Amino acid sequence: QVQLVESGGGLVQAGGSLRLSCTASGRTLSTFGLGWFRQAPGKEREFVSRISRSGGSTYYADSAKGRFTVSRDNAKNTMYLQMNSLKPEDTAVYYCAASSAAVPTSRNRDYDYWGQGTQVTVSS
């Protein structure tokens, strides 16, 4: 079992930045591929970004390309999502997730563990 806890969400104006963190307990994160997802009110949860077990491979949804950067520090058992140039449409609850695959997919169902989420609100 692994417990994931997201932090770093908040209220920010459009154009601003936030850095989300996902910290694990119970097992080391280095054994998992990791992903970020988000869910806006009234919408389905959607993929944002993913990073391989080693950190050498990353992938982004089109909505995140060029603005978001995913990274991980296995020594700190933590994954990050740096979000720049935020837009009101980025408003959502952001979730981190862990997959047993070394290079995880973009599909919700392929992740085994999920955090509780952190709220990101971008005002216009």
Side-chain angles (χ1 to χ4, degrees):
Q1 278 286 65
V2 61
Q3 292 78 41
L4 302 175
V5 178
E6 303 93 340
S7 62
L11 174 63
V12 64
Q13 289 188 332
S17 298
L18 284 173
R19 188 176 81 155
L20 305 184
S21 298
C22 173
T23 302
S25 61
R27 283 177 61 182
T28 176
L29 269 187
S30 64
T31 62
F32 296 99
L34 302 172
W36 286 101
F37 293 78
R38 68 186 183 186
Q39 188 167 17
K43 295 187 177 181
E44 293 187 352
R45 189 172 300 185
E46 65 175 8
F47 166 77
V48 175
S49 180
R50 56 176 170 84
I51 186 167
S52 63
R53 190 180 293 166
S54 68
S57 173
T58 59
Y59 186 77
Y60 300 89
D62 287 345
S63 59
K65 285 179 183 176
R67 300 188 300 126
F68 294 3
T69 302
V70 62
S71 61
R72 64 190 298 165
D73 186 338
N74 286 340
K76 294 183 178 180
N77 232 24
T78 301
M79 173 178 64
Y80 305 97
L81 185 67
Q82 177 68 42
M83 304 188 296
N84 299 328
S85 302
L86 283 162
K87 305 174 182 179
E89 50 265 43
D90 294 318
T91 295
V93 177
Y94 283 70
Y95 299 89
C96 65
S99 168
S100 58
V103 182
T105 73
S106 306
R107 296 186 296 265
N108 294 14
R109 64 177 185 268
D110 292 338
Y111 289 77
D112 305 297
Y113 302 100
W114 292 83
Q116 293 299 308
T118 185
Q119 176 70 47
V120 171
T121 303
V122 184
S123 63
S124 58

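What you see is a predicted model; the values in this text were computed from it and never measured. Note: hydrogens, waters and symmetry copies are ignored here, and every other heavy atom, side chains too, is used.
Heavy-atom minimum distance, Ser57 versus Val103: OG-CG1, 4.4 Å. The nearest pair of heavy atoms linking Gly115 to Tyr95 is O-CD2, 3.6 Å. Closest approach of Pro104 and Ser52 over heavy atoms only: CD-CA, 3.9 Å. The minimum heavy-atom distance between Ser123 and Leu11, with the atom names listed, is CB-CD1, 4.3 Å. Here the closest heavy-atom approach between residue Ala92 and residue Ala40 is recorded as CB-N, 3.8 Å.
Contact annotation: the side chain of Cys96 approaches that of Met79 to within less than 4.5 Å [non-hydrogen atoms, C-beta and beyond]. Using a 4.5 Å heavy-atom threshold, the side chains of Arg72 and Asn74 count as touching. In this structure the side chain of Asn77 reaches within 4.5 angstrom of the side chain of Thr28, judged on heavy atoms. The side-chain heavy atoms of Thr69 and Tyr60, taken from C-beta on, include a pair separated by under 4.5 Å. You'll find the side chain of Met83 reaches within 4.5 Å of the side chain of Val120, heavy atoms only.
Chaining together hydrophobic side chains whose heavy atoms lie under 4.5 Å apart leaves Val5 on its own.
The side-chain contact (heavy atoms from CB on, under 4.5 Å) test applied to Asn108 returns Phe37, Arg45, Trp114, not counting sequence neighbours. By the side-chain contact (heavy atoms from CB on, under 4.5 Å) test, Ala102 pairs with Arg53, sequence neighbours left out. Every residue meeting the side-chain contact (heavy atoms from CB on, under 4.5 Å) condition with Ala101, not counting sequence neighbours, appears here in chain and number order: Ser99. Applying the side-chain contact (heavy atoms from CB on, under 4.5 Å) criterion to Asp90, with sequence neighbours excluded, gives Arg38, Arg67, Phe68, Leu86, Lys87, Tyr94, Val122.
Note that CD of Gln82 and OG of Ser49 are 12.5 Å apart. Values are rounded to the nearest 0.5 Å. In this structure, Leu4 CG and Leu34 CG are separated by 7.5 Å, a value rounded to the nearest 0.5 Å.
The same ILVMFWY cluster, assembled from side-chain heavy atoms under 4.5 Å apart, contains both Val2 and Ile51.
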Identify each donor-acceptor pair in which a side-chain atom of residues 17-27 lies under 3.5 Å from a protein atom, sequence neighbours left out, and give them as a table.
from, atom 1, to, atom 2, distance (Å)
Ser17, OG, Asn84, OD1, 2.9
Ser25, OG, Gln3, OE1, 3.4

Run the side-chain hydrogen bond (donor to acceptor under 3.5 Å, both in side chains) check on Asp110 and Thr105 step by step: do they pass?
CA-CA 7 Å; Asp110 292 338; Thr105 73; 2.7 Å; yes
Original post:
How far apart are the C-alpha atoms of Arg50 and Tyr111, what are their side-chain angles, what is the distance that settles it, and do they pass the side chain to side chain contact (heavy atoms under 4.5 Å, CB included) test?
Top reply: CA-CA 11 Å; Arg50 56 176 170 84; Tyr111 289 77; 3.7 Å; yes
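Thr118 places no side-chain N or O within 3.5 Å of a backbone atom of Glu6 that could act as its donor or acceptor partner. Looking at Thr78, its side chain does come within 3.5 Å of a backbone N or O of Lys76 through a donor-acceptor pair.
Other residues, nucleotides and ligands place more than 12 heavy atoms under 6.0 Å from the OH atom of Tyr113.
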